[in-house]
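So that the names make sense, note that chain A is the first sequence line, chain B the second, and so on, each numbered from 1.
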Amino acid sequence: MSENVLFALEAAANGLTVGIMYSLVALGFVLIFKASGIFNFAQGVLALFAALTLVGFQTGQVPFAHLINAIFGTNIHDFGFTMPAALAILLTVLVMILIAILVERLVLKHLVNQEPIILFMATIGLAYFLEGLGDIMWGAEVKRLDVGIPQGMSPWVDEVTYNLFGYGFYLDELSLWALGIAAVLVTALVVFSQYTKQGRALRAVADDHQAALSVGISLRFIWVLTWSIAGIVALVAGIMWGSKSGVQFSLSLIALKALPVLILGGFTSIPGAIVGGLLIGVGEKLFDFLMQPVIGGATENWFAYMLALVFLLFRPQGLFGERIIERV
Amino acid sequence: MKMTKIAALIAAAAIATPVVAQDLHFPMLNYRTGPFAPGGIPFADGYQDYLTLINERDGGIGGLPIRTTECETAYNTERGVECYESIRGDSPLIVQPLSTGITYQLIPRVTEDGVPLHTMGYGRTSAMEGETFPWVFNYPANYWDGASVAINYLLDQNGDSLEGKKIVLIYHNSAYGREPIPTLENLSERYGFELVEIPVDSPGQEQSSQWLQIRRERPDYVIMWGWGVMNAVAIQEAANIRFPMDHFIGIWWSGSENDVVPVGEGADGYTALTFHGVGTDYPVYDDIQEYVVDRGLAAGNGDQIGSAVYSRGLYAAMLAVEAARTAQDLAGHAQITPAEMRAGMEALSISEERLAELGLPNFSAPFDVSCQNHGGSGAAMIQQWDADAQTWSLITDWIDSDRELIGELATADAAAYAAENNITPGCM
């Protein structure tokens, strides 16, 4: 096999693993959109907030320390202990559930029956609020996130590909973990929605709000449930991306990568989010590999959107989205 | 009736005699929020703490207190320009936007308004040509100096020859990141090394394509022009592909604790340029502890003291204060105007003796500013990260840049700017 073909295969393999990282972010959007028709602009900030909270718990940081010190003239920063990753993740999950309850009580409850654009605007406000809250609570400095997921070149992939092709592929172990985590997450979501009472209620609300209400399903409970699950998915995305780059405020920008994934996969399909992520990942890496010598690289940001634009022209509902039928 | 007349007289007197502010206005265009806050916060803290020290310890400059005003730019060019517009009527003595994008927008504005602009180690490189850019200063070093110092360091490491070597430049795909390319291309021809340019789109959260390419290219060295999250991701990716960290050199904006701490052990040995000293082993830090921290006046959380970018903010404030002192000496009075401050900046002289007096011995290379040279010495050192000790340490002495080459490039660029903007170069 020629060297260039091997390089292209390596780029495609990396695209698959990076695509899964995009899918993890896109999943949160899909869950909320499917259950409530809301495009949650705050999903990226939820991932950031979850990661900040997780690091805060792990390192024993005092929340709002800067504010407390400024008001009371104290000089406190941390509790003086650290927390095991598993316990910190559990506590962060509880915080994300609390946020879901507060979002429902303080925002969504008051906007029932409003136009989708109103709900979308509300999530923009929520994004700014959570970003500011995260800043005040945990500070804006870059934080190291380590929950024990290994990083670096996978020696196993290197060895296997070297034996096969005479050239060892580079694949990041973190991305391989992301593949496994995404598989577990999607399986759990499918099992939950197919085989549990709450999952069936969630699907019923997704299909028809009015019909679900008429058979006694609590819309408010379903919203809390959906936002809680989206918060947990955001935590998973925050852990994966935060482990890669440290936890810093640009983490919220990963949401921008989820948009083309959603357009490709469809806003209402969990498998669509996965397939969309993989297509974007592989597409952008291969495009960059092939076009870099011609146009100089840095094509990834706009390539994903160009691909999404093509899909919008020919299949606006995405690969797995519900078919749009307009009756006149 | 009598009282009414007295009140009217007082009011008339108040209107007729405007209150003259007896202070020196040092505005701060900071960014403490947004994706680039981790870089903006320590710089702002260092800048503010030094000015607080001067007020608390010395009672200000020449007997006049320093008044600071803070405006949040969030590293956003539009907001930066709005910040400038909000302070331009309040006699700002010096503006430091800490953003190349904002700098480019402000250059024509400050020139028209007569407000000195200091872009230390960033901004438009050719602004070192003082005759074309009389209101803009970029001492003590600029990006082209950085590129030249990096190559001079590598020449020193390779027995004065880079013939046949391959050097990758991985850069933030913006005006900032593209700044060193002309210099590096020129140096590549001169010294016979192959230059491979690899852009990274902002913010740079995902760089696997770039590092796969670097892995394929097998370069001898990688030079990085990054900012924000791009730095930490690049260093992590370099560690992932097992690129030797001591062959990876960042510009000074890629050499802060924020860039290496998230990577952990993998960042050990990473090197970066710096145009000032590192750490807190300077007498000035004792004064900051006594007059600023112990009095509860530290800026921000007070947890950035001694970090790389905090030191840079402190250095920027020190240079501003020294320029104001020089301006007061030249003007013969303490309440200086922005125009007098500009004259002070142009006459600024930073000597080893003065640095020692300020509690910053050998913190900076000595330099003199002149009408022709607004760019300072151009010298820089190499710092290296020790992941165990969590500290930067200096591994070289001052390395000079190739000012002959940079002067040629800057003169050509400044001449093009002057022609575009109908400027007749000359000293003020």
Side-chain angles (χ1 to χ4, degrees), chain A residues 3 7 10-11 14-15 17-18 21-22 65-66 69-70 73 75 77 131-132 135 139-146 151-154 169-175 241-254 256-257 281 284-289 292 296-302, chain B residues 31-42 74 170-173 177 197-213 215-216 228-237 239-242 256-264 266 293 296 298 300-304 307:
Chain A
E3 203 175 45
F7 289 157
E10 185 186 32
N14 273 273
T17 56
V18 170
M21 300 277 280
Y22 298 155
H66 181 37
N69 293 341
N75 189 25
H77 293 288
E131 198 165 80
D135 194 341
E141 68 277 11
V142 181
K143 296 166 180 69
R144 181 160 192 243
L145 176 57
D146 184 4
Q151 279 199 72
M153 187 169 177
S154 164
F169 282 18
Y170 165 78
L171 271 182
D172 186 3
E173 282 198 286
L174 182 85
S175 304
W241 282 97
S243 300
K244 200 176 166 75
S245 61
V247 179
Q248 44 192 314
F249 276 71
S250 58
L251 199 67
S252 63
L253 301 177
I254 53 171
L256 296 176
K257 276 289 184 185
E284 68 180 20
K285 297 298 172 223
L286 278 179
F287 185 81
D288 196 80
F289 173 76
Q292 193 276 332
T299 60
E300 287 153 314
N301 274 8
W302 58 263
Chain B
Y31 41 98
R32 294 181 177 276
T33 64
F36 297 96
I41 290 170
I170 183 163
Y171 63 95
H172 196 266
N173 198 14
E197 297 154 19
I198 302 182
V200 175
D201 271 341
S202 184
Q205 196 101 36
E206 216 297 293
Q207 297 177 31
S208 53
S209 289
Q210 285 80 5
W211 286 91
L212 280 178
Q213 190 189 343
R215 188 165 175 262
R216 289 194 298 269
V229 69
M230 176 188 158
N231 291 332
V233 173
I235 297 169
Q236 179 67 66
E237 294 281 4
N240 287 353
I241 67 164
R242 297 168 194 166
S256 82
E257 288 77 2
N258 292 321
D259 307 324
V260 283
V261 168
V263 185
V293 179
N301 278 344
D303 57 356
Q304 299 289 331
S307 71

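- Neither the backbone nor the side chain of B/Ile198 comes within less than 4.5 Å of any heavy atom of chain A.
- A/Leu251 touches chain B through backbone and side chain together, each having a heavy atom under 4.5 Å away.
- Both the backbone and the side chain of B/Asn258 come within contact range of chain A, judged by heavy atoms closer than 4.5 Å.
- Here the side chain of B/Gln210 pairs a donor or acceptor atom with the backbone of B/Pro199 at under 3.5 angstrom.
- Formation of a donor-acceptor pair under 3.5 Å by the A/Asp172 side chain with backbone atoms of A/Met153 is not found in this model.
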| said: Please evaluate residues B/Ser202 and B/Met230 with respect to the criterion side-chain contact (heavy atoms from CB on, under 4.5 Å), reporting the C-alpha separation (whole Å), side-chain torsions for both, the decisive distance (0.1 Å), and the verdict. | reply: CA-CA 8 Å; B/Ser202 184; B/Met230 176 188 158; over 6 Å; no
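- Contacts between B/Arg32 and chain A at a heavy-atom distance below 4.5 Å involve the backbone alone (N, CA, C, O).
- Each of B/Gly296, B/Ser209, B/Gly34 has some count of heavy-atom pairs under 4.5 Å with chain A, and the biggest count is that of B/Ser209.
- A/Asn14 and A/Glu10 form no side-chain donor-acceptor contact under 3.5 Å, judged by distance and modelled atom types alone.
- For chain A, the nearby part of B/Gln213 is the side chain; its heavy atoms alone come within less than 4.5 Å.
- In terms of the ring pair (Phe, Tyr, Trp, His ring centres under 6.0 Å) criterion, residue partners of A/Phe7 (sequence neighbours excluded) are, by chain and number, A/Tyr167.
- Judged purely by atom type and a 3.5 angstrom limit, B/Asp259 has no side-chain atom pairing as donor or acceptor with the backbone of B/Asn231.
- Only the side chain of A/Tyr22 has a heavy atom closer than 4.5 Å to any heavy atom of chain B.
- For the pair A/Gln151 (side chain) and A/Ser243 (backbone), a donor-acceptor distance under 3.5 Å is present.
- Among A/Gly242, A/Ser250, A/Gly246, the residue making the largest number of heavy-atom pairs under 4.5 Å with chain B is A/Ser250.
- The greatest number of non-hydrogen atom pairs below 4.5 Å with chain B, out of A/Glu131, A/His77, A/Lys143, A/Lys244, is found for A/Lys244.
- In terms of heavy-atom pairs under 4.5 angstrom with chain B, the leader among A/Lys257, A/Glu141, A/Lys285 is A/Lys285.
- Put simply, the side chain of A/Ser175 never gets that close to the backbone of A/Leu171: no donor and acceptor are under 3.5 Å apart.
- Within the 4.5 angstrom heavy-atom criterion, atoms from both the backbone and the side chain of B/Gln205 approach chain A.
- Contact of A/Asp135 with chain B is made through the side chain alone, with heavy-atom distances under 4.5 Å.
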